[in-house]
Amino acid sequence: WTMIVAVSLVATAILLKILVGEDPHLKLVPGLLAAVMALITTVAIEKMHSAVSVTEAIANVGLRAANRKQIPLVLIGTVPLVIGYLIIFFGLKVPPTLVDNAGFVLFKLVIAQGVVEEVVFRGLIFRHFRFRHSFWKSCVLSGVLFSLIHLVNLVNGISTEMLISVATSIVFGFILTFPLALIFE
């Protein structure tokens with residue numbers, strides 16, 4: 001089921017990127033549609049795997065209200081994320097400026113990447129590893145998968161800048177696994 005989610009996400013993004021082409025107004029659409037497909041696939045897998053209702057599957061994968069203990073952990077978990085982006089910006093020597101459609105880009109980053117990655121990698125994968133393994137082993141296993149999914153960014157082309165960006169995403173994606181899994185748990 002892990003492979004089904006990954007293949008669904010990657011295939012949808014690639015297919016939509018081909019269909020959309022280079023139209024600047026539509027360039028974020030493939031990522032958003034891939035995110036929707038990943039959410040639907042994740043909930044469907046959880047429903048089938050755990051033999052629960054759709055509502056329970058949605059709650060199981062983490063789409064529920066946060067509790068008070070999670071909020072400070074979220075703040076701590078953002079530190080590696082901010083550091084990672086600073087490395088990307090300064091490593092690429094690109095100033096972090098507003099881009100076209102900044103609101104849509106922010107929505108995509110929060111929803112398509114933030115929520116979907118958490119639902120897939122913590123809500124489904126980490127949680128199911130956790131049924132059989134210790135917290136730390138589950139973090140490492142899900143962290144490796146979470147890190148490696150960032151290789152999908154290489155579909156945008158291979159350049160020094162892209163390699164720096166992907167490498168930074170892999171390293172900080174793995175580091176972020178631990179506080180995010182703690183928040184989920």
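Small disclaimer: the values here were computed from a predicted structure and weren't measured. Keep in mind that the numbers below use all heavy atoms, side chains included, and drop hydrogens, waters and symmetry copies.
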**Fill in**
So CD1 of Ile40 and CD1 of Ile45: to nearest 0.5 Å the spacing works out to 12.0 Å
**Item:** Summary of side-chain hydrogen bond (donor to acceptor under 3.5 Å, both in side chains) pairs that have at least one residue in residues 129-140, sequence neighbours excluded
**Value:** Arg130-Glu185
**Message:** Checking Leu39 against Val43 for the side chain to side chain contact (heavy atoms under 4.5 Å, CB included) test, could you report, in this order, the C-alpha distance in whole Å, the side-chain angles of both residues, the deciding distance, and whether it holds?
**Reply:** CA-CA 6 Å; Leu39 281 175; Val43 170; 5.5 Å; no
**Fill in**
Contacts satisfying salt bridge (Lys or Arg N to Asp or Glu O under 4.0 Å) that involve residues 37-52 (not counting sequence neighbours) are Glu46-Arg127
**Request:** Output all residues satisfying side-chain contact (heavy atoms from CB on, under 4.5 Å) with Val52, sequence neighbours left out; order by chain, then residue number.
**Result:** Ser50, Glu56, Ala57, Asn60
Which donor-acceptor pairs under 3.5 Å do side chains of residues 174-184 form with protein atoms, sequence neighbours excluded?
residue, atom, partner, partner atom, Å
Thr177, OG1, Gly173, O, 3.0
Thr177, OG1, Phe174, O, 3.4

**Prompt:** Does the pair Val120 and Ile149 meet the rule for a side chain to side chain contact (heavy atoms under 4.5 Å, CB included), with working shown?
**Reply:** CA-CA 11 Å; Val120 172; Ile149 196 68; over 6 Å; no
**Nearest-0.5 Å distance that lies between atom CG in Leu124 and atom OG in Ser142** = 11.0 Å
**Message:** Quick check on the hydrophobic clustering: are Val54 and Met48 connected, directly or via other members, by side-chain heavy-atom contacts under 4.5 Å?
**Reply:** no
**Message:** My understanding is that only residues two or more places apart in sequence, or in another chain, count here; which of them pass ring pair (Phe, Tyr, Trp, His ring centres under 6.0 Å) with Phe126?
**Reply:** Phe135
**Heavy-atom check, side chain of Leu145 versus side chain of Phe129, under 4.5 Å** = yes
**Item:** Worked check of side chain to side chain contact (heavy atoms under 4.5 Å, CB included) between Leu141 and Phe146
**Value:** CA-CA 9 Å; Leu141 292 170; Phe146 179 53; over 6 Å; no
**Complete:** Sequence neighbours excluded, the answer for side-chain contact (heavy atoms from CB on, under 4.5 Å) partners of Leu148 is Val144, Leu151
